[in-house]
Amino acid sequence: MRSLLLLAPLAWLLLVQAKDDAKLEDNLLVLTVATKETEGFRRFKRSAQFFNYKIQSLGLGEDWSVDGGPAAAGGGQKVRLLKKALEKHADKEDLVILFVDSYDVVFASGPRELLKKFQQAKSQVVFSAEEHIYPDRRLEAKYPTVPDGKRFLGSGGFIGYAPSLSKLVAEWEGQDSDSDQLFYTKIFLNPEKREQINISLDHRCRIFQNLDGALAGGDFATGLPD
Ligand SMILES: *[C@@H]1O[C@H](CO)[C@@H](O)[C@H](O)[C@H]1NC(C)=O
């Protein structure tokens, strides 16, 4: 009941914000991989349209290389598609790209809020953070410790400047069935690469709120306002 009561004023605030955000569209591009128009994907698109995000879906019509879709092991296909899509953006220094899963994600605020939080993170690339290490638990000791918040890299959502994201995926030569999360984790856990590409994790979930099963799957909302 309480949540229903909150909805009315919130929706109004968000509408006002959405209008404002239209002019920021040129600096921000949302890329996602969806091979099918699932209900989850349509929900994702509706929330994107509500806030005036410009989104580009990669992979529609392609088969998932691993049964169970994007959330299952694998995910290499997502890196391959991202790498290809970034080719034409590699030199755009002002372009910020958000790469997110779409079947279990909704937007909770507009581009302005998202860009603000990204800039506050003071990194070229920011990954969502998870409480549990996956897929290789033996890497735990290599992870920097954090005073509080979530310690481990999640590949379900990340945001960064286009040239830095290009550097991030440049080395990808894996198979579609390989783990994207392991690929990014290994880059992050290499101190030289982490510093050179300038990657951080969203430990405090300021950009990526992982709802940890509050909805089905490992859903999260991006960019909840303060
Ligand atoms: C990382 O990027 C941020 C934002 O552009 C910048 O302020 C910071 O100095 C960079 N850090 C390093 C180590 O290059």
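Order of listing sets the numbers, starting from 1, for every ligand and every atom in it. Along the sequence shown, residues carry numbers from 1. FYI, side chains are in, hydrogens and waters are out, and symmetry mates aren't considered; it's all heavy atoms of this structure.
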Original post:
Under a 4.0 Å heavy-atom cut-off, which residues neighbour ligand 1?
Top reply: K122, S123, Q124, N198

Original post:
Which residues pass the side chain to side chain contact (heavy atoms under 4.5 Å, CB included) test with A162, sequence neighbours left out?
Top reply: H89, L95, I97

Original post:
Under the salt bridge (charged side-chain N to carboxylate O under 4.0 Å, His left out) criterion, do K117 and E113 qualify, and how do the steps go?
Top reply: CA-CA 6 Å; K117 299 257 169 83; E113 188 75 22; 3.2 Å; yes

Original post:
Hey, is CZ on R42 packed in by over 12 heavy atoms from elsewhere, all under 6.0 Å?
Top reply: yes

**OP:** Name all pairs fulfilling the salt bridge (Lys or Arg N to Asp or Glu O under 4.0 Å) condition that reach into residues 153-173, sequence neighbours left out, sorted by first residue then second.
**Re:** E171-K193

Subject >> Partners meeting side chain to side chain contact (heavy atoms under 4.5 Å, CB included) with S164 (sequence neighbours left out) >> reply: Q124, V125, Y161, I197

**OP:** Would you please indicate yes or no on a ring centroid separation below 6.0 angstrom for F127 and F208?
**Re:** no

